[in-house]
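Remember, predicted model here, so these are calculated numbers, not experimental data. The figures here come from the full heavy-atom set of this structure, side chains too, leaving out hydrogens, waters and symmetry mates. Just so it is clear: chains get the letters A, B, ... in the order the sequence lines come, proteins before strands, and each one is counted from 1.
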Number of protein chains: 2
Amino acid sequence: MKDKKDNNPIPQEIRFAALAVDIVCFRVADGDLEVLLGKVATDNNKYKGWWAHVGGLVQIDETAEQAVDRLLSDKAGINKIYKEQLYTFSAINRDPRGRVVSVAYIALTDGTNTQDLAKARVETVWKRVGSLPKLAYDHDEIIRVAIERLRSKIMYTDIARYFMPKEFTLSELQKVYEAVTGEGVDKRNFRKRIIALGILKDTRRTIKKGVMRPASLYTFK
Amino acid sequence: MKDKKDNNPIPQEIRFAALAVDIVCFRVADGDLEVLLGKVATDNNKYKGWWAHVGGLVQIDETAEQAVDRLLSDKAGINKIYKEQLYTFSAINRDPRGRVVSVAYIALTDGTNTQDLAKARVETVWKRVGSLPKLAYDHDEIIRVAIERLRSKIMYTDIARYFMPKEFTLSELQKVYEAVTGEGVDKRNFRKRIIALGILKDTRRTIKKGVMRPASLYTFK
DNA sequence: TCAAAAGTGTTGCTCATACACCCATGA
DNA sequence: TCATGGGTGTATGAGCAACACTTTTGA
């Protein structure tokens with residue numbers, strides 16, 4: 001992709017920075033909030049072999065959003081995912097290779113996501129946010145901000161929906177809230193509140209897992 | 001400043017974009033929410049003579065935050081102001097001169113601000129947000145997002161403090177809330193709520209304006 | 001009948017809203 | 001005494017938190 005013709009009329013001398021995106025991609029699996037990490041593979045990079053958020057350079061003919069979709073697909077085999085812009089990090093030495101300004105995004109996917117690992121061009125792993133290694137670049141800082149934002153938004157929006165598969169039980173939804181906030185909630189109060197919001201639809205069908213009473217299945221409206 | 005040596009080890013061919021900041025600077029004056037606009041002065045620019053948010057290019061040796069401080073000071077004569085990052089706009093054709101990615105900031109100042117007009121290198125004006133002209137570039141979109149964010153944050157944070165002078169009356173503070181939200185509030189309920197937050201301190205002094213009962217002066221803790 | 005998760009109501013508290021009159025001042 | 005904005009209390013309803021037992025199922 002670097003062979004694209006540079007037909008940008010902006011003078012070269014003021015184009016000092018490379019523009020990148022970094023994607024903090026979350027899921028909830030087995031009651032744990034997890035984040036997608038990719039192994040740094042570029043040579044001449046003191047962080048080679050470290051774990052980092054998936055990301056890369058924005059190209060001349062795409063927006064930051066388009067770069068996010070492309071990089072998630074190419075590097076991690078993840079497609080059609082919910083995303084929102086998080087923050088832009090412009091510290092001068094955040095990348096030891098030179099001035100790189102990064103627009104960070106949060107992305108959410110459901111725990112049963114279909115990651116096309118055949119397409120993924122980077123070694124990736126899902127790590128619980130409670131036990132992360134030291135990350136490359138300023139990615140520790142980025143994920144700190146991302147978790148803070150995610151915890152705050154799950155309280156007053158319905159973003160939890162992007163963690164859920166099409167159909168789910170109320171217990172599963174509750175586990176997602178608890179995994180994100182890190183705190184347990186009362187089952188009756190949770191169900192009352194979430195039903196009162198009017199964002200769920202009862203499918204009138206049930207699912208049975210193991211030796212127990214079947215649970216009602218819901219979808220988001 | 002463009003004469004700075006380009007000692008960036010990032011290869012020239014991936015540095016396609018210019019990085020800019022745009023600053024949506026608000027104040028409340030005479031009960032109206034106003035925004036600072038600067039007249040576009042660059043030649044070879046189809047927007048020359050239009051009004052736009054104050055902004056400019058980020059330089060190689062400064063962060064976006066530092067660029068905001070520098071540009072507000074140089075172009076508008078405004079110093080030491082509260083600011084927070086709003087959103088990064090990366091649409092490909094947002095600037096007709098070429099690919100410019102802009103990190104937008106919100107800045108707030110009090111209505112009695114001391115703008116050093118002698119230093120200001122750009123013609124500026126404060127405009128009521130209710131009667132804005134069509135702005136240059138994508139600045140209509142930027143201010144739409146900025147106002148949305150400001151209205152939302154004034155409801156659950158204490159950012160209103162940055163609109164106030166050191167000391168102020170409760171009526172003045174209420175006017176700021178009303179100017180930002182665009183809606184009137186009940187005086188008794190407003191005072192009860194704001195006092196209950198515990199963020200104000202009564203100076204035990206009063207101020208008298210015109211022919212009326214003096215009002216108590218408060219400060220933010 | 002046991003294990004395991006599903007499902008269900010009531011009470012008290014806190015907080016937001018609606019609403020109207022007297023006070024202090026200088027002209 | 002009048003005009004102007006400053007300053008105050010109460011009642012009602014909504015929404016949230018605390019709290020424990022019964023139901024359904026298959027082994």
Nearest to side-chain heavy atoms of [X], which nucleotide of [options]:
X: A:Asn189; options: D:dG6, C:dG9, C:dA18; answer: C:dG9
X: A:Pro214; options: C:dT25, D:dT25, D:dT4; answer: D:dT25
X: B:Lys192; options: C:dT8, D:dT10, D:dG5; answer: D:dT10

Can you see whether [X] engages [Y] through a side-chain donor-acceptor pair at a distance of less than 3.5 angstrom?
X: A:Asn45; Y: A:Lys48; answer: no
X: B:Gln174; Y: B:Thr169; answer: no
X: B:Gln115; Y: B:Trp126; answer: yes

Give a yes/no answer on whether the side chain of [X] brings an N or O atom under 4.0 Å of OP1 or OP2 in [N].
X: B:Arg193; N: C:dA16; result: no
X: B:Ser171; N: D:dG6; result: yes
X: B:Arg188; N: D:dG7; result: no
X: B:Ser216; N: D:dG7; result: yes

Rounded to the Å, how far apart are [X] [atom1] and [N] [atom2]?
X: B:Leu170; N: D:dG6; atom1: CG; atom2: P; result: 9 Å
X: B:Ile194; N: C:dA16; atom1: CD1; atom2: P; result: 11 Å
X: B:Arg213; N: C:dT25; atom1: CZ; atom2: P; result: 8 Å
X: B:Phe190; N: D:dG7; atom1: CZ; atom2: P; result: 12 Å
X: B:Phe168; N: D:dG6; atom1: CZ; atom2: P; result: 14 Å
X: B:Asp202; N: D:dG7; atom1: CG; atom2: C1'; result: 12 Å
X: B:Lys209; N: C:dG26; atom1: NZ; atom2: P; result: 16 Å
X: A:Lys208; N: C:dA4; atom1: NZ; atom2: P; result: 16 Å

Legend entry - Given DNA chain D, 5'-ward residue of the pair B:Asp186 and B:Glu172, judged by closest heavy atom: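 The 5'-side residue here is B:Glu172.
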Legend entry - Donor-acceptor pair (no angle test) under 3.5 Å: A:Lys187 side chain, C:dG7 base: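 Result: at least one qualifying N/O pair found.
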Inset, instruction - Anything under 30° is parallel, anything over 60° is perpendicular, the rest tilted; go ahead and classify A:Tyr162 against A:Tyr82. - result: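 Ring orientation of A:Tyr162 relative to A:Tyr82: parallel.
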Inset, instruction - Report yes if some heavy atom in the side chain of A:Ile194 is under 4.5 Å from a heavy atom in the side chain of A:Leu200; otherwise report no. - result: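 When only atoms from C-beta onward are counted, A:Leu200 and A:Ile194 do touch, with a gap below 4.5 Å.
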